[in-house]
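What follows is a short report on a single structure.
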Amino acid sequence: TDMCEWNYSFSYQTGDDNTSTQNQTGIWHDAFVYQDGNGNTATQEQTGGDYFQGNFAVSDQDGDMNTSLQIQDGLDNTAYITQDGNMNNASQGQSGDDNLANTTQIGNGNISAGLQVGDINESDVLQRGDTNFSLVGQGGVDNYSFIRQRGNSNVAASGQLGTGNMSWIRQTGNGNTALTGQVGGL
């Protein structure tokens, strides 16, 4: 095995009963988990990769009973999950190349799930409040989804299939619902 065919994983835990699981298959992957609190769970699965083209994942949990899941397969995918609060749940799946997913949860009991299949897709989710729900599905190339939720019990879902689609959802208040679907593109 060439000395340059390496993966790197790092896990830092402060508190009680935190769990971090990092599995890497392939080369040039980077995985980071930071947990500060109690009963948090973070799982990262990375496959694929090539020289200077591995996947990159970060999970940062501050609080109690948060759950994060990141699954990456391909080249140069990047995923960030930041959770500040309690009992938040975030999952990200990426299959393809050069996808970017960023999920931030500030509050309690928020749920966010995202799946990217294809290349050069981008998803950016911010949940600030309690018991918000977001869902993003992207299939194709060069799609962009932006979700901002500020308040409580809001629901947002964005589905994109094709090339060059863009979706923006911004919710302020409580109990709002927004659904967008895009097929086709440039």
Side-chain angles (χ1 to χ4, degrees), residues 1 3-116 121-136 145 147-150 152-154 156:
T1 301
M3 289 182 63
C4 292
E5 296 179 359
W6 60 275
N7 296 303
Y8 181 81
S9 64
F10 176 84
S11 180
Y12 178 84
Q13 298 171 310
T14 300
D16 300 322
D17 300 316
N18 295 299
T19 301
S20 172
T21 303
Q22 298 166 301
N23 294 317
Q24 298 171 310
T25 303
I27 61 173
W28 283 88
H29 300 305
D30 292 291
F32 300 85
V33 171
Y34 304 92
Q35 296 172 314
D36 186 356
N38 304 307
N40 297 295
T41 301
T43 303
Q44 298 171 321
E45 304 273 351
Q46 297 174 311
T47 60
D50 204 345
Y51 292 103
F52 302 101
Q53 293 180 302
N55 297 301
F56 183 87
V58 177
S59 177
D60 188 350
Q61 300 172 312
D62 188 356
D64 300 332
M65 303 294 291
N66 296 295
T67 301
S68 69
L69 171 65
Q70 296 167 303
I71 300 175
Q72 299 174 304
D73 179 33
L75 305 173
D76 273 336
N77 295 298
T78 302
Y80 297 95
I81 291 176
T82 302
Q83 297 171 312
D84 187 353
N86 303 314
M87 299 183 68
N88 296 295
N89 187 303
S91 62
Q92 299 168 325
Q94 299 174 309
S95 178
D97 303 334
D98 300 300
N99 296 296
L100 172 62
N102 182 44
T103 301
T104 301
Q105 298 174 310
I106 302 172
N108 304 307
N110 296 294
I111 298 174
S112 177
L115 176 63
Q116 299 171 310
N121 297 296
E122 183 173 349
S123 171
D124 192 349
V125 175
L126 169 63
Q127 298 174 311
R128 185 185 294 272
D130 299 332
T131 62
N132 295 295
F133 176 84
S134 73
L135 177 65
V136 176
S145 175
I147 293 176
R148 290 290 182 271
Q149 297 174 308
R150 295 176 184 271
N152 303 314
S153 302
N154 296 297

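Keep in mind that the numbers below use all heavy atoms, side chains included, and drop hydrogens, waters and symmetry copies. Being a predicted model, the structure only gives us computed values, none of them experimental.
- With Asn152 contributing its side chain and Thr131 its backbone, the two residues share no donor-acceptor pair below 3.5 Å.
- Evaluation of the salt bridge (Lys or Arg N to Asp or Glu O under 4.0 Å) rule for Asp124 yields Arg148 as partners, not counting sequence neighbours.
- Residues passing the side-chain hydrogen bond (donor to acceptor under 3.5 Å, both in side chains) test with Thr21: none are found, sequence neighbours excluded.
- Across Asn132 and Ser153, no two heavy atoms sit closer than the pair OD1-N, 3.3 Å.
- The distance from atom OG of Ser20 to atom CD of Gln13, rounded to the nearest 0.5 Å, is 5.5 Å.
- Using a 3.5 Å distance cut-off with no hydrogens or angles, the side chains of Gln105 and Ser112 do not pair a donor with an acceptor.
- Listed here is the closest heavy atom pair of Asn7 and Gln24: CB-OE1, 3.3 Å.
- The distance from the CD1 atom of Ile111 to the CD atom of Gln127 is 8.5 Å, given to the nearest 0.5 Å.
- Looking at Asn40, its side chain does come within 3.5 Å of a backbone N or O of Asn66 through a donor-acceptor pair.
- Nearest heavy-atom pair across Ala101 and Gln94 is N-NE2, 3.5 Å.
- Residues Gln35 and Thr19 approach most closely at NE2-O, 3.0 Å, considering heavy atoms.
- Partners of Tyr8 by side chain to side chain contact (heavy atoms under 4.5 Å, CB included), not counting sequence neighbours, listed by chain and number: Trp6, Phe10, Asp30, Phe32.
- Counting only distance, with no hydrogens or angles, the side chain of Asn110 and the backbone of Asn88 share no donor-acceptor pair below 3.5 Å.
- Shown here are the side chain to side chain contact (heavy atoms under 4.5 Å, CB included) partners of Glu122, two or more places apart in sequence or in another chain: Leu100, Tyr144.
- Across Gln22 and Ala31, no two heavy atoms sit closer than the pair NE2-O, 3.3 Å.
- Considering only heavy atoms from C-beta on, Tyr34 comes within 4.5 Å of Val58 through its side chain.
- Between atom CD of residue Gln92 and atom CD of residue Gln116 there is a gap of 8.0 Å, rounded to the nearest 0.5 Å.
- Looking only at distances, a side-chain donor or acceptor of Asn55 sits under 3.5 Å from a matching main-chain atom of Asn77.
- Applying the side chain to side chain contact (heavy atoms under 4.5 Å, CB included) criterion to Thr104, with sequence neighbours excluded, gives Thr82, Asn102, Ile106, Leu126.
- Residues Thr25 and Thr47 bring no donor and acceptor atom of their side chains to less than 3.5 Å of each other.
- For the pair Asp50/Ile27, a side-chain contact is recorded, criterion being any heavy-atom separation below 4.5 Å from C-beta on.
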Working for side-chain contact (heavy atoms from CB on, under 4.5 Å), residues Ser123 and Val125: CA-CA 7 Å; Ser123 171; Val125 175; 4.0 Å; yes
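- In this view, Ser9 satisfies the side-chain hydrogen bond (donor to acceptor under 3.5 Å, both in side chains) rule with no residue, not counting sequence neighbours.
- Of the possible donor and acceptor atoms, none in the side chain of Asp36 sits under 3.5 Å from a partner among the backbone N and O of Asp62.
- For Asp130 (side chain) and Gly109 (main-chain N/O), no donor-acceptor pair under 3.5 Å exists by modelled atom type.
- Heavy atoms only, all atoms of each residue included: Gln149 and Ser134 are closest at OE1-CB, 3.9 Å.
- At a threshold of 4.5 Å between non-hydrogen side-chain atoms, the residues Asn86 and Met65 do not count as touching.
- Using a 4.5 Å heavy-atom cutoff, the side chains of Gln70 and Ile81 are in contact.
- Between atom CG of residue Asp16 and atom CG of residue Asn38 there is a gap of 5.0 Å, rounded to the nearest 0.5 Å.
- Expressed to the nearest 0.5 Å, how far OH of Tyr12 lies from CG of Asp60 amounts to 11.5 Å.
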Residue pair Glu45, Ile71: steps toward the side-chain contact (heavy atoms from CB on, under 4.5 Å) verdict: CA-CA 5 Å; Glu45 304 273 351; Ile71 300 175; 4.2 Å; yes
